[in-house]
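Down below is the structure, laid out as structure tokens.
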Amino acid sequence: MRTSTDQHWWTMTAPTAGDYIVRLSELPRAYGLEAYSPSGSSSSTGNTLSDRVVTRTLRAGERLDIRVAVSAGSFSTSQPCLSVCIGVD
């Protein structure tokens, strides 16, 4: 995230039905995490470097859109990689 308006998007399709957990970790700055599905959205934001976690319940074949954005002006011109992990429960 190199500017105050940067955002990154990922999209996935659920191979099976279940509760999908999205975790954003190893944060160099305070970023927000949002997950959008046909049934709604979930978000996790804050001003700390703690992990962000959201859960969405999906049916097989449903799409999940994930957005990571700058939170509270926390961008950096020299940012390391972010880690976004998705699991099903």
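Side chains included, hydrogens not; waters and symmetry mates left out as well; all remaining heavy atoms used.
In this structure the side chain of Thr13 never reaches within 4.5 angstrom of the side chain of Leu58, judged on heavy atoms. Using a 4.5 Å cut-off on side-chain heavy atoms (C-beta onward), Val22 and Trp10 make no contact. Under the 4.5 Å side-chain criterion, counting only non-hydrogen atoms from C-beta, Ile21 is in contact with Val53.
Under a hydrophobic-cluster definition in which Ile, Leu, Val, Met, Phe, Trp and Tyr are linked whenever side-chain heavy atoms come within less than 4.5 Å, directly or via other members, Val88 and Leu33 are assigned to the same cluster. Under the 4.5 Å side-chain heavy-atom criterion for grouping Ile, Leu, Val, Met, Phe, Trp and Tyr, Leu24 is connected to Met12 within one hydrophobic cluster.
To the nearest 0.5 Å, the span separating NE2 on His8 from OH on Tyr31 amounts to 7.5 Å. To the nearest 0.5 angstrom, Glu34 atom CD is 10.0 Å from Ser42 atom OG.
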Query raised in the report: Could you walk me through whether Tyr20 and Ile86 pass the side-chain contact (heavy atoms from CB on, under 4.5 Å) check?
Result: CA-CA 7 Å; Tyr20 283 78; Ile86 303 168; 4.1 Å; yes
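Defined by atom type and a distance below 3.5 Å, a donor-acceptor pair is present between the side-chain atoms of Asp19 and Thr57. At a cut-off of 3.5 Å, with distance as the only test, a side-chain donor of Ser39 or Arg56 sits close to an acceptor on the other residue.
Annotation for Pro15 and Ala60: closest pair O-CB, 3.9 Å, computed over non-hydrogen atoms. Contact record, Val54 with Ser43: CG1-C, 3.6 Å, taken as the closest heavy-atom pair. Of all non-hydrogen atoms in Leu64 and Ser37, the two that sit nearest each other are CD1-CB, 4.2 Å.
Salt-bridge annotation for Arg63 and Asp65: present, with a side-chain N of the basic residue lying under 4.0 Å from a carboxylate O of the acidic one.
Put simply, the side chain of Arg52 never gets that close to the backbone of Arg23: no donor and acceptor are under 3.5 Å apart.
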